[in-house]
Amino acid sequence: MSTTQLSSDPPTWRVLLSFYFPLVLTSQMMTLSNPLINLALSRAEEQALHLAAYSVCFGLAVFLNAPALVSRDVGAGLCRSQRAYARLMRQVIGLGLVIGLIDLALAWTPIGTLVFEVALGATDRVAAEAQRVAVAMAPIPLFVGIRGLNSALALRARRTRLLTQATFLRLITVIGILVALVSSGLLAASAVAWSLSGGILLETLWIVWVTRGLYRDLPAEGIDPG
């Protein structure tokens, strides 16, 4: 039986806990990134400016990235063959690029001024730094979509520890970059945003690498997501 074929037997407590706890750890580690970034920015020379700029842009980015965040759920339900995976991956990449272009529009066009200053009420300096944060966060929707689709392969195979490993790598990367920024005195909202993008990039590369065998285990043809 393929490693991606789920048994119809009721799971034992051991199976249930081995599936559940890695997901809990993954969620907890994901939530740590933002508090750690805020902690680092509180040591910046102009902490109020950078904390405000990061918070304003991050909150908007979470809203914009919401469609990419569901790629894991979609993949868990529809990724039943290599053909389905390929089709879903094309859709995930297209969506990630569109959202990333919206982020760049916020950063490089008057739209950003309208959104950050007029709609959200930020000052000129906060809005300018928030636009630089938007540049750093532009790749994240693409990474998140790809990460989610490959995470779905791990979920279908009950290999949730792979998700924990990937998120741990992301967290360690973010912490390492933040420590370097604090030590060098180069703290800025845009700089720490790049640390988050870098961490998510490594997390994505890791989960793609460790689930390559699960992809090969999928049948070539199957139910097409349509």
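The two residues Ser33 and Arg170 make their nearest non-hydrogen contact at OG-NE, 3.7 Å. Contact detail for Gly75 and Leu149: the closest heavy-atom pair is CA-CD1, 3.8 Å. Between Asn150 and Ile146, the closest heavy-atom pair is ND2-O, 3.0 Å. Ile37 and Val174 get closest at one heavy-atom pair: CG1-CG1, 4.4 Å. Scanning both residues, Gly100 and Pro141, for their nearest heavy atoms gives N-CG, 4.2 Å. The minimum heavy-atom distance linking Glu129 with Ser190 is given by the pair OE2-N, 2.9 Å.
You'll find the side chain of Leu163 stays beyond 4.5 Å of the side chain of Leu25, heavy atoms only. The side-chain heavy atoms of Ile177 and Trp194, taken from C-beta on, include no pair separated by under 4.5 Å. The side-chain heavy atoms of Glu203 and Met30, taken from C-beta on, include a pair separated by under 4.5 Å. Between Leu218 and Arg80, the closest side-chain pair of non-hydrogen atoms is not below 4.5 Å. Put simply, the side chain of Asn38 reaches to within 4.5 Å of the side chain of Tyr54, judged on heavy atoms. Side chains of Leu49 and Arg125 form a contact here, defined as non-hydrogen atoms less than 4.5 Å apart.
Remark: the backbone N or O of Ala189 is not paired with any side-chain donor or acceptor of Arg132 at under 3.5 angstrom. Using modelled atom types, one side-chain atom of Arg156 and one backbone atom of Ala76 make a donor-acceptor pair closer than 3.5 Å.
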Test side chain to side chain contact (heavy atoms under 4.5 Å, CB included) applied to Phe168 and Ile172, step by step: CA-CA 6 Å; Phe168 179 74; Ile172 291 300; 3.6 Å; yes

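Leu186 and Leu51 fall within a single hydrophobic cluster, where Ile, Leu, Val, Met, Phe, Trp and Tyr are joined by side-chain heavy atoms under 4.5 Å apart, directly or via other members. Note on Leu101 and Leu95: separate hydrophobic clusters, where clusters join Ile, Leu, Val, Met, Phe, Trp and Tyr whose side-chain heavy atoms are under 4.5 Å apart, directly or indirectly. Following chains of ILVMFWY side-chain contacts shorter than 4.5 Å, one cannot reach Ile140 starting from Val135, and the two form parts of different hydrophobic clusters. In terms of hydrophobic clustering, with Ile, Leu, Val, Met, Phe, Trp and Tyr side chains grouped at heavy-atom distances under 4.5 Å, Val98 and Met89 are assigned to different clusters. Hydrophobic clustering of Ile, Leu, Val, Met, Phe, Trp and Tyr side chains at less than 4.5 Å, counting indirect connections, unites Val62 with Leu201.
In Arg212, the CZ atom is crowded: over 12 heavy atoms of neighbouring residues, nucleotides or ligands sit closer than 6.0 Å.
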